[in-house]
Amino acid sequence: MPEVPELNVMGSTIQKLYKGKKVKSIEILWTKRVKCSQQEFDDAIVGSMLQSVKREGKEMHLRFDNGQVLGIHLMLTGAITVQPSDNIVKYPIFELLFEDGGGFIVGDHMGQAKPILNPDIPNVPDIEGKDFTLEYFTMAVRKRKIAIKDLIQDQKVIRGVGNAYADEILWVAKISPWSVSNRIPGNKIKDLYTAILDVTKAASKELENVKVSEFDFSLENKDHRFVHNPKRKATPDGEEILKGKVGNSKTFYTESQILYN
DNA sequence: TAGAATGTTACAGG
DNA sequence: CCCTGTAACATTCT
């Protein structure tokens, strides 16, 4: 369930709720994908105070006053349930609790979401970062020869775009997801760049009032996406939404998106 | 019942 | 060694 707009909302909420509080416990409940031991998590953050929450690509980074960082990656189907909650988390990955009550559980029925101790921050522009410039993006798009949808989702090129918003972005920019990256003309690369910024900003704003109690459900079911949304048959301007595949992921698009190849 | 779920990584082939 | 495409991962829900 995690892309940039969702992570922005979750991150600012976690910060609002727990900034300045000390960690009472962290309990790793599903260790398959986790690199560090329970002991290492305990030593790093138990007793330390939460200073800030920042998003880095598709990860959320919790920084503590002792300099330690807890990274959270929700992968495909992970979710955060703020505690206490009426909902029982069926497949918990880990639980983080603060000293005077509250905290959250990260759950994922696919078992892929994971906590990361002191994660690396790759030298790749985040889509909301200052170093994500039109110049950089134009160069990156021209350098390679793959489907444009795969390119904008490649976290080694830019960090933060995932399958759902990639469809929204390409629809706004009026570019077919199968367009070959190095065949896209300069003015359309600019449209694409602008669409990445605009779609991300608009969706973040749209989601900012979602209730904390609905984080583990409603965020992904909100009707704010216009094409990557199984509930919709047509775009707001009445064009039929088509379904296909780019690489191995499901793609929603329309006929009017131009194919450059 | 096969396929989908907002993702990443390993590996084969060129 | 670089680039690209494909499949695996893992598990429940529809």
Side-chain angles (χ1 to χ4, degrees), chain A residues 1-11 29-35 55-60 71-80 87-93 106-116 119-120 122 124 126-128 139-172 177-183 196 199-200 202-204 206-207 210 214-232 243-253 261:
Chain A
M1 151 167 137
E3 280 191 46
V4 166
E6 291 78 9
L7 290 170
N8 282 345
V9 178
M10 291 176 183
L29 299 154
W30 180 258
T31 56
K32 190 154 241 172
R33 302 272 166 159
V34 180
K35 294 260 166 67
R55 185 188 58 71
E56 287 286 350
K58 293 179 194 169
E59 292 175 359
M60 217 160 72
I72 301 172
H73 201 313
L74 296 174
M75 296 295 280
L76 262 173
T77 53
I80 289 180
N87 301 341
I88 290 169
V89 179
K90 259 175 119 179
Y91 301 91
I93 305 291
V106 168
D108 181 8
H109 63 75
M110 279 184 74
Q112 296 189 126
K114 60 192 174 187
I116 311 151
D120 291 331
V124 171
D126 184 281
I127 55 171
E128 292 186 311
M139 181 212 67
V141 170
R142 289 190 169 145
K143 198 166 147 191
R144 295 178 58 193
K145 193 182 171 182
I146 55 172
I148 189 62
K149 185 174 171 185
D150 283 336
L151 184 131
I152 62 174
Q153 281 187 89
D154 186 339
Q155 304 300 297
K156 292 191 169 76
V157 176
I158 48 171
R159 293 184 296 142
V161 176
N163 193 36
Y165 288 102
D167 286 347
E168 300 297 304
I169 288 162
L170 289 162
W171 172 68
V172 167
W178 290 277
S179 292
V180 178
S181 51
N182 71 340
R183 306 304 293 267
I196 291 171
V199 167
T200 302
S204 298
E206 188 68 32
L207 295 176
V210 172
E214 296 177 339
F215 269 16
D216 52 359
F217 179 69
S218 297
L219 265 187
E220 65 182 0
N221 289 318
K222 268 195 64 90
D223 256 339
H224 64 294
R225 275 182 273 109
F226 296 112
V227 284
H228 194 105
N229 185 336
K231 285 185 229 165
R232 294 189 193 270
K243 298 182 188 85
K245 262 191 159 193
V246 174
N248 52 15
S249 53
K250 191 165 187 176
T251 295
F252 297 80
Y253 67 105
N261 64 2

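Since the structure is predicted, the reported quantities are computational estimates derived from the model, not experimental observations. Labels below follow one simple rule: chain letters A, B, ... track the order of the sequence lines, proteins then strands, and each chain is numbered from 1.
- Here the P atom of nucleotide B:dT6 and the CD atom of A:Glu6 are 10 Å apart, to the nearest Å.
- Between A:Tyr91 and A:Met110, every side-chain heavy-atom pair lies at or beyond the 4.5 Å cut-off.
- Residues A:Lys58 and A:Leu74 fail the side-chain proximity criterion, which asks for heavy atoms closer than 4.5 Å.
- For the pair A:Lys156 and B:dT8, the criterion of a side-chain N or O lying under 4.0 Å from OP1 or OP2 is not met.
- Remark: C:dC13 base-pairs with B:dG3; criterion is Watson-Crick or G-U wobble with both hydrogen-bond distances under 3.5 Å.
- Out of B:dT6, B:dG7, B:dA4, the shortest distance to the side chain of A:Glu3 is found at B:dT6.
- The gap from the C1' atom of B:dT6 to that of C:dG5 amounts to 22 Å, rounded to the nearest Å.
- The nearest whole Å value for the distance from the CG atom in A:Asp154 to the C1' atom in B:dT8 is 11 Å.
- Stacking of A:Arg225 on the aromatic ring of A:Tyr165 is recorded, both the 6.0 Å distance cut-off and the 45° axial limit being met.
- Classified by interplanar angle (parallel below 30°, tilted 30° to 60°, perpendicular above 60°), the ring pair A:Trp171/A:Phe226 is tilted.
- Looking at A:Glu3, its side chain never comes within 3.5 Å of a backbone N or O of A:Val161 through a donor-acceptor pair.
- Position along DNA chain B of the nearest nucleotide to A:Pro230 versus A:Asn248 favours A:Pro230 as the more 5'-ward residue.
- In this structure, A:His228 places its NE2 atom 9 Å from C1' of B:dA5, rounding to the nearest Å.
- Counting any heavy atom pair closer than 4.0 Å across all strands shown, A:Tyr165 reaches no nucleic acid atom.
- Atom CD1 in A:Ile72 sits roughly 15 Å away from atom P in B:dT8 (whole-Å rounding).
- Rounded to an integer number of Å, the gap from CD of A:Gln155 to P of B:dA10 is 15 Å.
- A:Leu170 has its side chain out of reach of A:Thr251: every pair of non-hydrogen atoms, C-beta onward, lies at least 4.5 Å apart.
- The distance from atom NZ of A:Lys35 to atom P of B:dT8 is 13 Å, rounded to the nearest whole Å.
- Atom CG in A:Asn229 sits roughly 17 Å away from atom P in B:dA4 (whole-Å rounding).
- Within the 4.0 Å cut-off from OP1 or OP2 of B:dG7, at least one side-chain nitrogen or oxygen of A:Lys58 is found.
- Look at the P atom in both B:dA10 and C:dA10: the space between them is 13 Å, to the nearest Å.
- Rounding to whole angstrom units, CG of residue A:Asp167 and P of B:dT6 are separated by 9 Å.
- Here A:Asp167 pairs with A:Lys149 in a salt bridge; the nearest charged N to carboxylate O distance falls below 4.0 Å.
- Each of A:Trp30 and A:Lys143 lies near DNA chain C, and the nucleotide nearest A:Lys143 is the one positioned closer to the 5' end.
- Once you apply a 4.0 Å limit to the heavy atoms of chain A, the touched nucleotides of DNA chain C run 5' to 3' over C:dT4 to C:dC13.
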